[in-house]
Student: 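Quick one: structure below, then a few questions.
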Amino acid sequence: MSFISIPILDLALARDPRTKPQFLADLRHALMEVGFLYLKNVGIPDELWQQVISEGKAFFDIPQEEKLKIEMKNAPSFLGYSQLSAEITAGKIDHREQIDLSTDHPVPGPDAPLYDNLLAPNQWPASDVLPDFRRVYTDYMRRMGAISIAFTSLIAEAIELPPDAFTRYFEPDQQHKLKIVKYPDVSELGLGDGVEGQGVGPHKDSMLTSYLLQASDHRGLQVQNMRGEWIDCPPLDGTLVVAIGQGMEALTQGVCASTTHRVLSPAAGAGARFSIPFFQGVRASTTFEELESVGVGQVPEGIRRQREKVLEANGGRLDDVEFTFRKGGVAATLGEATLRNRVKSHPDVGERWYPEILRDIREEQAREAAQKQGDTAAASAKGDAVDVSKQSQAVEAH
């Protein structure tokens, strides 16, 4: 039977040798059958957690001119502030306002590959406007980077791989990313009563793991089960929501499920929803060829068979988003694929800094649209139904 709720795991149990085996068994269940989980007792001090939330919300209250000083399109790194409704997912506008941050890196040298433009210093709000913001988020990203890599080691153990199975895909100074997101309610967006606003369209995360801090009491995050049903993932105090990315599914030969999810805008009068997702990074120079030919080694047959039984029990997998994490596409490396995805999500940045990539993407989208129209026309002539809703974008948003 497909899942109808999101499991809750206690990371403290993984730190105790007596309870770790049961934790790994529960984690294996979540990885194979859900692809999402709540994680509590992650190791972030309560005081820092509250500062992350308060500073994040405070960002949206600073004057608009201060936000525009650090607007994303000012730099080729895709770091910085995005105005409301500036991002696109699944071909539709996302109704959200946000700032993108990452672990700080210097500006890349002149001989670096183009995708290294994503490695750059942050555009921070001015210290006289938000004096504690940079300190709080630098500390939080540093801690979450260590937590995410440690948790990836537990994932390896849960599917009977060596604890260091994923280590080759992390740089010593690995870049990780974070967003602070505000989703206005539908009345603030000027949408009518009963209208379902798209906070973020259906998508799968792109890399290994992501960790969402739901910073307000609003519902809105939904996860799609194997029957195609949308399951609520409401906020739970003291937890992070962990999502498995397409990279993790690819590396584990399909054992760890990357699950489609979306965010609905808050209902009229509910006020804004706030969300702070952290995205674990991977080595950008990794090639898709390496992922498929080397990967993390062979997942044991018994584990792979368990995943096959899950799929068989559910009659396969209904999914609104195609799996795209494979070789054969335009991009040869993860860095190239990430850059193309960012240009697709933020065409205003693409127009300024990456016009050739944006032009190539638009030509590709036009070909895909023409193909879908042809498929639909052919199916109509035959009296068949064709699903044209599937999207192939992998993004970073919750």
Student: Is D100 salt-bridged to R342, going by a charged N under 4.0 Å from an acidic O?
Tutor: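 Answer for the salt bridge query: yes.
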Student: Any Lys/Arg nitrogen of R340 or D360 sitting under 4.0 Å from an Asp/Glu carboxylate oxygen of the other?
Tutor: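 Looking at R340 and D360, the cut-off is met.
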Student: Are E351 and K73 ion-paired here, with the side-chain N under 4.0 Å from a carboxylate O?
Tutor: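 Salt bridge flag = no for K73 with E351.
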Student: Please state whether the rings of F78 and Y354 are parallel, tilted or perpendicular, taking 30° and 60° as the class boundaries.
Tutor: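 Ring orientation of F78 relative to Y354: parallel.
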Student: Taking the side chain as every heavy atom from C-beta outward, state whether E336 and P113 have any atom pair closer than 4.5 Å.
Tutor: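 E336 does not reach P113 side chain to side chain.
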Student: Quick one: do R134 and D104 make a salt bridge, cutoff under 4.0 Å?
Tutor: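 A salt bridge links R134 with D104.
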Student: Just say parallel, tilted or perpendicular for the rings of Y140 and F278, cut-offs at 30° and 60°.
Tutor: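 Rings of Y140 and F278: perpendicular, over 60°.
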Student: Decide, yes or no, whether a salt bridge links D139 with R143 under the criterion of side-chain N to carboxylate O below 4.0 Å.
Tutor: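 Between R143 and D139 there is a salt bridge, with a charged N closer than 4.0 Å to a carboxylate O.
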Student: Would I70 end up clustered with W353 when hydrophobic side chains under 4.5 Å apart are linked, directly or stepwise?
Tutor: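 I70 does not cluster with W353.
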Student: Just verifying a value: how many Å separate Y169 OH and M207 CE, rounded to the nearest 0.5 Å?
Tutor: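 CE of M207 is found 12.5 Å from OH of Y169.
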Student: Quick check: does any side chain N or O of T333 sit under 3.5 Å from a backbone N or O of S285, one acting as donor and the other as acceptor?
Tutor: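 No, the answer is negative, given that no donor and acceptor are paired below the 3.5 Å cut-off.
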Student: Hey, do the aromatic rings of Y137 and F133 have their centres closer than 6.0 Å?
Tutor: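 Close enough - the centres of the two rings lie under 6.0 Å apart.
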Student: For the pair E55 and R135, find out whether any cationic side-chain nitrogen is under 4.0 Å from an anionic carboxylate oxygen.
Tutor: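 Judged by the 4.0 Å cut-off on N to carboxylate O distance, E55 and R135 do not form a salt bridge.
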Student: Salt-bridge test for E301 and R304: reply yes if a basic N is under 4.0 Å from a carboxylate O, no otherwise.
Tutor: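 Looking at E301 and R304, the cut-off is not met.
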Student: Do the non-hydrogen side-chain atoms of Y81 and I62 ever get within less than 4.5 Å of each other?
Tutor: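 A side-chain contact under 4.5 Å is absent here.
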Student: In plain terms, say whether R305 and E312 are close enough for a salt bridge, that is, a side-chain N and a carboxylate O under 4.0 Å apart.
Tutor: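 Salt bridge flag = yes for E312 with R305.
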Student: Is there a donor-acceptor contact under 3.5 Å from the side chain of N225 to the main chain of R227?
Tutor: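 Checking the backbone N and O of R227 against the side chain of N225, a donor-acceptor pair under 3.5 Å is found.
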Student: Keeping R307 on the side-chain end and M32 on the backbone end, is there a donor-acceptor pair under 3.5 Å?
Tutor: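 Yes, the answer is positive, given that a donor and an acceptor are paired below the 3.5 Å cut-off.
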Student: Between R28 and E33, is the closest basic N to carboxylate O distance under 4.0 Å?
Tutor: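 R28 and E33: not salt-bridged.
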Student: Does any non-hydrogen side-chain atom of S275 lie less than 4.5 Å from one of Q214?
Tutor: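 A side-chain contact under 4.5 Å is absent here.
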Student: What class does the angle between the rings of F151 and F23 fall in, given that below 30° is parallel, 30 to 60° is tilted and above 60° is perpendicular?
Tutor: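 Aromatic pair F151/F23 classed perpendicular.
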Student: Please check this pair: side chain of Q123 against backbone of L79, looking for a donor-acceptor N/O pair closer than 3.5 Å.
Tutor: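 Here the side-chain-to-backbone pair exists.
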Student: Could you tell me whether the side chain of F170 reaches within less than 4.5 Å of the side chain of T152, counting heavy atoms only?
Tutor: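 Result yes, sub-4.5 Å side-chain heavy-atom pair found.
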Student: Do I8 and V241 share a hydrophobic cluster, counting only Ile, Leu, Val, Met, Phe, Trp and Tyr and linking them when any side-chain heavy atoms are less than 4.5 Å apart?
Tutor: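 I8 and V241: one cluster.
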Student: How far does CD1 of I147 sit from CG of L240, to the nearest 0.5 angstrom?
Tutor: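 Here the rounded value is 7.5 Å.
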Student: Please determine whether residues L208 and L9 belong to a single hydrophobic cluster, defined as Ile, Leu, Val, Met, Phe, Trp and Tyr linked transitively by side-chain heavy-atom distances below 4.5 Å.
Tutor: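 Same hydrophobic cluster.
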Student: Which heavy atom of Q280 sits nearest a heavy atom of S148, and at what distance?
Tutor: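 Closest pair (atom of Q280, atom of S148, distance): NE2-O, 3.2 Å.
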Student: Just to verify, what does H176 make a side chain to side chain donor-acceptor pair (under 3.5 Å) with, not counting sequence neighbours?
Tutor: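 H176: no side chain to side chain donor-acceptor pair (under 3.5 Å) contacts found.
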Student: Where the side chain of H203 meets the backbone of G201, is there a donor-acceptor pair that is under 3.5 Å apart?
Tutor: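 Confirmed, H203 side chain pairs with G201 backbone.
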Student: Can you check whether I44's main-chain N or O pairs, donor with acceptor, with W49's side chain at less than 3.5 Å?
Tutor: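 Judged by distance alone, no pair lies under 3.5 Å.
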Student: Would you call P184 and L84 a side-chain contact if the rule is heavy atoms closer than 4.5 Å?
Tutor: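 Counting from C-beta outward, P184 and L84 do come under 4.5 Å.
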